J.: 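Take this structure, written in structure tokens, and hold onto it; I'll ask about it next.
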Amino acid sequence: MRRELEPWLTGRVVRSAELVDAVPGPKYARLARAVGQRVAAVGRHGKFLLLPLEAPETGGGAARDELVIHLGMTGVVSAEPPVSHLRVVIRFDGPEPQTLYFRDVRRFGRVLIAPEGVYDGLPTLQQAGPDALAPAFTPEGFARALAHSGVAIKTALMSQRPVAGVGNIYADEALWRIGVHPERPARLLRRGQVEALHGAIVDVLMASLEAQGTTLHDYRTVNGAVGAYLERLAVYGRTGRPCPRCGAAIARIVVGARGTHLCPVCQPRPRSRRGSRAAPRRAGGRS
DNA sequence: CGCATTTCCTGGTAGC
DNA sequence: TGCTACCAGGAAATGC
């Protein structure tokens, strides 16, 4: 999405920004402040799209605003008006197309203005680790970030703190690639496993980018294309179907209240006495 | 602070 | 056909 928006929007001035069937609030904070400002760049950190804005009248030095876009679950950005669930319309100057539409069925997404680098209402972005595809994401830093966390490795990845940009689909895919169970405590991964996970995250994201992402239901590229990575998924959404590597049936468990898919043969459960649920410190019912 | 749980939100689907 | 109940999940809020 960033790559598609960059040549389209860079250098343009925002002419209007309006909410459509959306309640003004934290998810759309200060959106109107974008009007009259120029898009200086189209950046990204993890799943957050970041467009620094320049106000024409202020010279250098002044703190810049940033247009922040997050798709949430069902957000879609396009230059064509969506069939339904339109939430935000932003018009720019310059050649056609001039209008950016933000569609969001479940309203988990956000389109707002924040002071550049100051994300008070966005703690996940504020505390995010290095972007998964940036040079700052290194095996060494990754290892340090995981070293003291007792939570499940999948939960750690989902928090965006050790690394930014890995969501439910790619967390499952990356852990399958390295043969580590999603519930293994993050700090118990061996050094080699951390390095392998680092590589697997980069590889799976790059592969998905090449396929224009994963479309389960709503996701579309800015140009309206569906992401083709769905058919390359090894475990996500493939419960009961054969593991591409060993043929065993893919299992589905819940980790951190999120559906989690794994191969029980390639990713054996850590040899811990604790069950997967919150309370059952009972030894029975191994499976 | 670390971690677990709950909430937000709507379309799709299972079950009756 | 129409109704209810429940599920999906990224991030924030809330509760220890």
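Below, chain A is the first sequence line, B the second, and so on; all start at residue 1. Keep in mind the model is a prediction, meaning the values are calculated, not measured.
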J.: Between A:His70 and C:dG10, is there a side-chain N or O to OP1/OP2 distance below 4.0 Å?
T.: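 A:His70 to C:dG10 OP1/OP2: no side-chain N or O under 4.0 Å.
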J.: Closer than 3.5 angstrom, by distance alone: can the side chain of A:Arg12 be matched with the main-chain N or O of A:Pro95 as a donor-acceptor pair?
T.: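 Yes; at least one donor-acceptor contact below 3.5 Å.
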J.: Contact class for A:Gly259 (heavy atom, under 4.0 Å): base, sugar-phosphate, or nothing?
T.: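 It contacts sugar-phosphate atoms only.
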J.: Report yes or no: is the cationic atom of A:Arg245 (NZ for Lys, CZ for Arg) under 6.0 Å from the centre of the six-membered ring of A:Trp176, at an angle within 45° of the ring normal?
T.: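 Yes - A:Arg245 lies over the ring of A:Trp176, closer than 6.0 Å to its centre and within 45° of its axis.
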J.: Which nucleotide in the list B:dA4, C:dG9, B:dG2 gets nearest to the side chain of A:Val151?
T.: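 Ranking B:dA4, C:dG9, B:dG2 by closest atom to the A:Val151 side chain puts B:dA4 first.
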J.: Between B:dG11 atom P and A:Arg103 atom CZ, what is the distance in whole Å?
T.: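 It is 9 Å, rounded to the nearest whole Å.
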J.: Between A:Ala152 and A:Arg87, who's closer to the 5' end of DNA chain B by nearest nucleotide?
T.: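 Upstream on the strand: A:Ala152.
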J.: CZ of A:Arg161 versus P of C:dA12: gap in Å, rounded?
T.: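 Distance check: A:Arg161 CZ to C:dA12 P gives 12 Å.
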J.: What's touching nucleotides 13-16 of chain C from the protein side, N or O pairs under 3.5 Å?
T.:
none

J.: Distance check: side-chain N/O of A:Lys47 vs OP1/OP2 of C:dG10, anything under 4.0 Å?
T.: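 So the side-chain polar atoms of A:Lys47 never come under 4.0 Å of the phosphate oxygens OP1 or OP2 of C:dG10.
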J.: Donor-acceptor pair under 3.5 Å: do we get one between A:Arg110's side chain and the base of C:dA11?
T.: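 Between C:dA11 and A:Arg110, which were checked side chain against base, a qualifying N/O pair under 3.5 Å is absent.
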J.: Is there a donor-acceptor pair under 3.5 Å between the side chain of A:Arg103 and the backbone N or O of A:Arg87?
T.: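 No.
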J.: Parallel, tilted or perpendicular: which describes the rings of A:Phe142 and A:Phe137, with under 30° parallel and over 60° perpendicular?
T.: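 The rings of A:Phe142 and A:Phe137 stand perpendicular, inter-plane angle above 60°.
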J.: Across the strands shown, which category fits A:Leu122 at heavy-atom distances under 4.0 angstrom: base, sugar-phosphate, nothing?
T.: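 Since only primed, P, OP1 and OP2 atoms lie under 4.0 Å of A:Leu122, the category is sugar-phosphate.
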J.: I need the CD1-P distance between A:Ile169 and C:dG9, as an integer number of Å.
T.: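 Computing the A:Ile169:CD1 to C:dG9:P distance gives 9 Å.
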J.: Which listed nucleotide (B:dT10, C:dA11, B:dC3) is nearest to the side chain of A:Ser149?
T.: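 Shortest atom-to-atom distance from the side chain points to B:dC3.
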J.: Other hydrophobic cluster members with A:Leu86, side-chain heavy atoms of Ile/Leu/Val/Met/Phe/Trp/Tyr under 4.5 Å, chained?
T.: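 Listed partners: A:Val20, A:Val89, A:Tyr101.
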J.: To the nearest Å, how far apart are A:Gln160 CD and B:dG2 P?
T.: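 Taking CD of A:Gln160 and P of B:dG2, I get 17 Å after rounding.
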J.: Classify A:Tyr170 by what it touches in the nucleic acid, base, sugar-phosphate, or nothing, heavy-atom distance under 4.0 Å.
T.: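 The residue A:Tyr170 makes no contact with any strand.
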J.: Taking CZ from A:Arg238 and P from C:dA8, how many angstroms apart are they, rounded to a whole number?
T.: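 Nearest whole value for this atom pair: 18 Å.
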J.: Any side-chain to backbone donor/acceptor pair from A:Gln193 onto A:Arg190? Under 3.5 Å, distance only.
T.: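 Checking the backbone N and O of A:Arg190 against the side chain of A:Gln193, a donor-acceptor pair under 3.5 Å is found.
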J.: Rounded off to whole Å, could you give me the CG-to-P distance for the A:Leu71 and B:dC9 pair?
T.: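 Whole-Å distance recorded here is 18 Å.
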J.: My understanding is that only one of A:Val13, A:Thr99, A:Leu100 makes a side chain to side chain contact (heavy atoms under 4.5 Å, CB included) with A:Phe92; could you say which?
T.: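 Exactly one option meets the side chain to side chain contact (heavy atoms under 4.5 Å, CB included) with A:Phe92, and it is A:Leu100.
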J.: Over how many whole Å does the gap from A:Ile253 atom CD1 to C:dC7 atom P extend?
T.: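 From A:Ile253 CD1 to C:dC7 P: 17 Å.
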J.: Output yes when A:Arg177 and A:Glu173 qualify as a salt bridge under the 4.0 Å nitrogen-oxygen rule, no when they do not.
T.: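 Salt bridge between A:Arg177 and A:Glu173, a charged N being under 4.0 Å from a carboxylate O: no.
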J.: List every contact pair, protein side and nucleotides 6-8 of chain B side both N or O, where the distance is under 3.5 Å.
T.:
none

J.: So what does A:Arg252 touch, heavy atoms closer than 4.0 Å: a base, only the sugar-phosphate, or nothing?
T.: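 The answer is sugar-phosphate, as A:Arg252 gets under 4.0 Å only of primed atoms, P, OP1 or OP2.
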J.: Checking A:His45 against A:Asp131 for the side chain to side chain donor-acceptor pair (under 3.5 Å) test, could you report, in this order, the C-alpha distance in whole Å, the side-chain angles of both residues, the deciding distance, and whether it holds?
T.: CA-CA 6 Å; A:His45 192 97; A:Asp131 181 83; 5.3 Å; no
J.: Ignoring backbone atoms, test whether A:His85 places a side-chain nitrogen or oxygen under 4.0 Å from the OP1 or OP2 oxygen of B:dG11.
T.: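 For B:dG11, OP1/OP2 do have a side-chain N/O of A:His85 under 4.0 Å.
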J.: For the side chain of A:Arg2 and the backbone of A:Glu6, is there at least one donor-acceptor N/O pair under 3.5 Å apart?
T.: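 Looks like no, no N/O pair under 3.5 Å.
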J.: In whole Å, I'd like the distance from the CE atom of A:Met158 to the P atom of B:dT5.
T.: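 Spelled out: CE on A:Met158 to P on B:dT5 is 16 Å.
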J.: Hey, which of these two, A:Arg106 or A:Leu125, hits DNA chain C nearer its 5' end, going by closest nucleotide?
T.: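 Between the two, 5'-proximity favours A:Arg106.
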